[in-house]
Amino acid sequence: MIALVDGDSFYVSCERAFDPRLEGLPVGVLSNNDGCVVARSRELKALGVAMGAPLHQLPPAIRRQSVLLSSNYALYGDVSRRVNQVLAEFSPVVELYSIDESFVHFSGFEPGALEAHCQRLRETVQRWTGIPAGVGLAPTRVLAKLANRLTKRELGYEGVCLLEADSDVTCQVLEQLPVSDLWGVARRTAERLQLMGIETAWQLRQADPKWIRGSFSVVLERVVWELRGHSTIELEDLSMPRQRILVSRSFGKLSSELADLQAATRQHATRAAEKLRRQGSLARAVLVFVRTNPHRSRDAQYANSHVVALPEPCDDTPSILAAVHQALTAIFLEGHRYQKCGVMLLDLMDAERSQLSLLDDPTDEKRRDRSRRLMATLDHLNREMGRDTVRFGLPHKDNAWELRCQRRTQRYTTCWKELVTAKTQ
DNA sequence: TCTGGGGTCCTAGGACCC
DNA sequence: TCTGGGGTCCTAGGACCC
């Protein structure tokens with residue numbers, strides 16, 4: 001059996017775990033730049049605030065009633081790690097799916113015993129991390145995902161819901177479920193399915209898998225098999241490194257200045273290179289993109305990207321910075337108000353398996369070795385002493401492009417200066 | 001004024017080859 | 001008049017996820 005374990009309104013729960021005053025209040029967590037609401041407490045949902053609602057479109061009355069926080073990814077990432085440590089106590093196979101969801105595999109349980117086991121899991125997560133969790137149990141991922149949803153909506157499940165592939169309960173649930181509510185079926189696919197008369201999850205389950213594959217894709221065919229209880233979605237190998245690395249941000253304020261774009265892309269490139277080294281890869285190419293704000297229809301729109309191949313596969317920040325500079329120069333146009341830019345590292349390969357070129361001479365090897373040692377030292381210092389303790393180029397302060405995050409809470413668990421404080425009355 | 005960021009997989013279609 | 005067929009590889013873009 002597969003369990004999908006997720007934290008209820010995860011970001012909100014992280015905030016509440018460290019500030020109990022937030023219990024019972026409508027609480028929301030905002031995306032980067034304080035742009036949209038990306039996590040909502042039950043109370044905020046009840047006020048009718050939609051997922052992804054832009055902050056500036058919320059009615060003033062709702063803004064006054066609720067607590068809206070900037071996102072604190074250092075905190076959420078650390079709490080997520082702690083939750084998964086607890087999960088590992090309950091099963092040897094835990095697959096991290098996202099910051100707030102993990103698939104946990106169980107085998108060898110008697111009927112009934114598994115649900116009790118998952119209840120204990122839930123209670124332990126709550127007690128050790130402060131995060132309330134829901135557990136959806138089923139033979140396949142698509143069904144486990146669905147079972148997990150039921151723990152949120154249906155009273156009586158007490159946080160754990162088991163769906164067998166062929167039980168009466170499962171059939172009833174599928175008959176009432178719009179096909180668009182399934183994991184892997186979003187708007188586009190749902191619209192096409194509806195045109196063909198498939199509106200419920202049950203109807204999709206009954207459809208001919210081969211026909212679904214021909215008319216749609218193998219992806220949707222797998223969903224059909226999963227609904228029938230045959231597991232087809234493979235366990236992802238977490239040791240697999242990322243195939244590309246992207247760092248991008250919207251600006252706090254629009255900017256037309258090349259200098260701003262240069263500074264922002266340099267910062268993104270620095271972060272991307274750090275991620276690249278952390279996963280032990282080398283990049284063969286760099287992509288830079290820029291764009292104006294598509295929501296401002298009055299403004300002239302411009303979006304472009306450019307790829308620059310690196311002279312050799314590498315992970316050193318200066319080479320990547322040079323390529324980024326070249327790419328940005330190729331696409332920057334005067335007279336536009338830019339809203340966002342990003343840096344993507346492409347064509348990644350395993351650093352261990354990098355092959356020496358036939359044209360190499362010993363000086364190349366020496367140069368690479370120096371660069372490796374320099375980067376390792378840099379990463380070590382920045383890890384121990386804080387981000388950007390040592391960096392390339394001049395520091396920038398108060399840039400137009402810096403993020404807005406005015407309501408961020410403390411990084412309680414990852415920053416010595418921001419530990420939680422308690423007062424006695 | 002103000003609208004997120006970071007990924008994956010799949011498919012279609014073009015380029016190219018014999 | 002009549003101009004093949006089959007395969008691989010690569011890329012861009014679509015769709016989806018949280």
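Excluded from the calculations below are hydrogen atoms, water molecules and symmetry mates; all remaining heavy atoms, backbone and side chain alike, are included. Residue numbers begin at 1 in each chain, while the letters A, B, ... track the order of the sequences.
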Taking the side chain of [X] as its heavy atoms from C-beta onward, which of [options] lies nearest to it?
X: E101(A); options: dC16(C), dG6(B), dC18(C); value: dC18(C)
X: H56(A); options: dC18(C), dG4(B), dC2(B); value: dC2(B)
X: S248(A); options: dG6(B), dC2(B), dC17(C); value: dG6(B)
X: R242(A); options: dG7(B), dG4(B), dC2(B); value: dG7(B)
X: L246(A); options: dG6(B), dT11(B), dG4(B); value: dG6(B)
X: R188(A); options: dC10(B), dC16(C), dG4(B); value: dC16(C)
X: K145(A); options: dT3(B), dC17(C), dC18(C); value: dC18(C)

Ignoring backbone atoms, test whether [X] places a side-chain nitrogen or oxygen under 4.0 Å from the OP1 or OP2 oxygen of [N].
X: S217(A); N: dA15(C); value: no
X: K275(A); N: dG5(B); value: no
X: R296(A); N: dT3(B); value: no
X: Q243(A); N: dC9(B); value: yes
X: T189(A); N: dC16(C); value: yes
X: S71(A); N: dG4(B); value: no

What contact category does [X] fall into here, base, sugar-phosphate, or nothing, at under 4.0 angstrom with non-hydrogen atoms?
X: R244(A); result: base
X: L182(A); result: sugar-phosphate
X: R222(A); result: sugar-phosphate
X: I245(A); result: sugar-phosphate
X: Q57(A); result: base
X: D100(A); result: sugar-phosphate

How many Å lie between [atom1] on [X] and [atom2] on [N], as a whole number?
X: D181(A); N: dC18(C); atom1: CG; atom2: C1'; value: 16 Å
X: L55(A); N: dC2(B); atom1: CG; atom2: P; value: 13 Å
X: K340(A); N: dC2(B); atom1: NZ; atom2: P; value: 16 Å
X: R298(A); N: dT3(B); atom1: CZ; atom2: P; value: 12 Å
X: N32(A); N: dG4(B); atom1: CG; atom2: P; value: 10 Å
X: L220(A); N: dT11(B); atom1: CG; atom2: P; value: 11 Å
X: I233(A); N: dC17(C); atom1: CD1; atom2: P; value: 11 Å
X: N33(A); N: dG6(B); atom1: CG; atom2: P; value: 12 Å

Hey, are S70(A) and D34(A) close enough side-chain-wise for a donor-acceptor pair under 3.5 Å?
yes
Side-chain H-bond candidate by donor/acceptor type, Q339(A) with R291(A), under 3.5 Å
yes
Pairing check on dC18(B): which nucleotide meets the Watson-Crick or G-U wobble criteria with it, both distances under 3.5 Å?
dG5(C)
Residues S231(A) and I2(A): closest non-hydrogen pair is OG-CD1, 4.4 Å
What closest approach, in Å, do V67(A) and L22(A) show between heavy atoms, and which atom pair accounts for it?
CG1-CD2, 3.9 Å
dC17(B) to dG4(C) separation - C1' atoms, rounded to the nearest Å
14 Å
Against the six-membered ring of W225(A), is R222(A) placed for a cation-pi contact (under 6.0 Å from the centre, within 45° of the normal)?
no
Axial cation check for F216(A) ring with R192(A), 6.0 Å and 45° limits:
yes
When D34(A) and F216(A) are each assigned the nearest nucleotide of DNA chain B, the 5'-most assignment goes to D34(A)
Between H295(A) and R213(A), which has a closest nucleotide on DNA chain B that is more 5'?
H295(A)
Is K145(A) salt-bridged to E101(A), going by a charged N under 4.0 Å from an acidic O?
yes
